[in-house]
Number of protein chains: 2
Amino acid sequence: MAASDDELAERLVALYPVLRCLSARALAELCQTASRVQLAAGAAVFDECQNCPGFPLILAGTIKVVKSTAAGREMLLYRVEPGDSCIITSSCLLGRSRYSARGIAELPLTLLVLPPPLFEQMIAEQPLFRDFVFHLFAERIAELMQLVEEVAFHRLDQRLAKLLLARGETVRATHQALADELGSVREIVSRLLKGLAGQGLVVLGREQISIVDREGLRQLADSGR
Amino acid sequence: MAASDDELAERLVALYPVLRCLSARALAELCQTASRVQLAAGAAVFDECQNCPGFPLILAGTIKVVKSTAAGREMLLYRVEPGDSCIITSSCLLGRSRYSARGIAELPLTLLVLPPPLFEQMIAEQPLFRDFVFHLFAERIAELMQLVEEVAFHRLDQRLAKLLLARGETVRATHQALADELGSVREIVSRLLKGLAGQGLVVLGREQISIVDREGLRQLADSGR
DNA sequence: GCGAGTCTGTAACTGCGGTCACAGAGGCCG
DNA sequence: CGGCCTCTGTGACCGCAGTTACAGACTCGC
């Protein structure tokens with residue numbers, strides 16, 4: 001028990017260096033007070049209009065935060081990874097409002113959920129923790145504003161190019177998955193990818209896109225700004 | 001001097017009831033420490049990639065926060081009114097990052113700008129003030145997520161209808177101004193307004209749109225969700 | 001090896017939103 | 001009154017994204 005808590009504390013601090021600001025005692029207490037949640041890949045972490053059970057620290061896996069329509073289309077707002085915190089959750093917690101999007105576990109997910117009183121206490125007493133949370137807020141807001149701009153003003157091929165660039169050398173994903181990130185539909189993504197391949201920017205394979213001309217893609221993504 | 005500070009304090013507390021959590025002394029000190037800024041209508045309050053001089057409380061006027069393109073198109077992200085705070089500013093301040101949009105005074109604007117150390121002190125010491133700021137964060141984030149959804153999934157006529165509904169009985173604005181809120185262009189707004197008028201939902205006049213069928217507009221705005 | 005299910009390609013068509021190029025219409029000011 | 005500026009109306013045209021409807025390709029399990 002104590003050993004596993006020690007281990008947990010270590011992993012926590014490795015992912016969230018800011019927690020070093022806590023005393024060893026406080027950290028141990030945190031590990032005991034917080035509840036551990038495990039979810040399978042694909043499970044819903046939260047949904048629109050729910051209330052929020054606490055402040056989640058991500059130990060493993062990722063959450064994708066998504067708006068979706070009745071027609072089955074979907075759009076990625078942002079992704080939450082270990083070391084981040086799910087800002088929408090914090091915002092519910094802090095603002096006492098409700099979720100306004102859905103969160104879905106992309107990989108098997110392990111969370112440590114701080115109960116609200118503990119969270120508020122840490123915000124009150126730990127300037128560094130406060131800074132950490134605020135910094136996440138600031139980042140998300142900037143990202144969301146950027147996203148609005150891109151959706152409003154950029155063509156889909158540019159957004160697709162940017163998405164591919166952000167994913168490294170070879171992207172393993174179905175066209176449907178890419179469409180869901182962009183808020184579009186599969187056929188269009190297929191068509192655009194074929195276009196990119198025709199320009200020699202990528203090479204296509206099953207569930208795989210290999211970038212061959214990174215610079216060209218970047219030019220496309222940045223054209224007309 | 002003291003009289004004018006008293007007046008200021010009164011106006012402040014009227015607009016920001018949360019400041020009641022301060023002692024009379026602290027409030028007086030705040031009024032003295034903070035700097036007052038006046039800007040003409042149309043003036044830039046901040047721009048992308050600037051750093052942030054402090055935490056603004058709005059005494060009079062409004063700020064529109066906007067993304068704009070090289071081609072001269074513009075898109076309203078949100079509007080900041082007396083009693084609100086400009087969250088993008090707070091996010092810069094708290095997250096030590098930079099603006100990622102432009103802020104423009106819509107009316108003659110009076111700000112009271114709290115220097116960062118004072119702001120941080122209040123965040124640290126005043127739980128109610130902290131709540132107030134967080135609540136604003138939460139609201140903005142939810143609004144931005146909503147905006148992404150609307151831009152990505154809703155037709156322009158629906159978004160226009162919603163915009164008109166949110167503006168009261170008769171809307172006084174040029175088509176260009178409406179286009180700038182929606183991230184579109186004047187001709188399209190004119191065309192769509194003509195369509196709405198044709199359906200008997202609104203009546204058009206110079207720099208003026210009068211809503212005659214509120215319910216019909218609402219149906220249009222909500223159709224296909 | 002066969003069939004079900006998933007993933008991809010692709011062609012025809014539609015419609016929304018944007019661009020361009022004007023023409024009036026209403027105000028404001030000298 | 002005449003000229004200028006802003007605001008609005010409008011028609012022709014274009015291109016992107018979305019829809020529909022398939023057909024083939026690949027994978028996996030039986």
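Lettering follows sequence order; numbering is per chain, from 1.
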Rounding to a whole Å, what distance do you find between B:Lys194:NZ and C:dA25:P? 15 Å
Residue-phosphate contact under 4.0 Å: A:Arg206 side-chain N/O, C:dT6 OP1/OP2: no
If you look at every strand shown and take non-hydrogen atoms under 4.0 Å, does A:Arg159 touch a base, only sugar-phosphate, or nothing? nothing
Starting from C1' on D:dC7, measure out to CD1 on B:Ile188 and report it in whole angstrom. 17 Å
Nearest-Å distance for atom pair CG/P, residues A:Leu192 and D:dA17: 6 Å
Look at the aromatic rings of A:Phe137 and B:Phe134 and report parallel, tilted or perpendicular, splitting at 30° and 60°. parallel
To the nearest angstrom, how far is A:Glu207 atom CD from C:dG9 atom C1'? 16 Å
Could you state the CZ-P distance from A:Arg155 to C:dG17, rounded to the nearest angstrom? 18 Å
To the nearest Å, how far apart are B:Gln208 CD and D:dT8 C1'? 14 Å
Does A:His175 have a side-chain nitrogen or oxygen under 4.0 Å from the phosphate oxygens OP1 or OP2 of C:dG9? yes
Does A:Arg186 get its side chain close enough to the base of C:dG9, under 3.5 Å, for a donor-acceptor pair? yes
Side-chain N or O of B:Thr174 closer than 4.0 Å to phosphate OP1/OP2 of D:dT6: no
Result of checking B:Lys162, B:Lys64, B:Arg79 against B:Glu181 for salt bridge (charged side-chain N to carboxylate O under 4.0 Å, His left out): B:Arg79
Need one value for B:Leu156: base, sugar-phosphate or nothing, where a base atom within 4.0 Å counts as base even if backbone is also close, heavy atoms only. sugar-phosphate
In whole angstroms, the gap separating C1' of C:dG18 from CG of B:Asp157 amounts to 15 Å
Please work out which of the three classes, parallel, tilted or perpendicular, describes the rings of B:Phe55 and B:Phe119, given edges at 30° and 60°. parallel
Atom-pair distance (CD on A:Gln176; P on C:dG5), nearest Å: 18 Å
Look up atom CD in A:Gln176 and atom CG in A:Asp180, then write down how far apart they are to the nearest 0.5 Å. 4.5 Å
Looking only at C:dC16, C:dT8, D:dC16, the nucleotide nearest the A:Ser190 side chain is C:dT8
Side-chain heavy atoms of A:Val80 within contact of A:Arg140, under 4.5 Å: yes
Can you tell me whether the side chain of A:Arg191 and the base of C:dG9 have a donor-acceptor pair closer than 3.5 Å? no
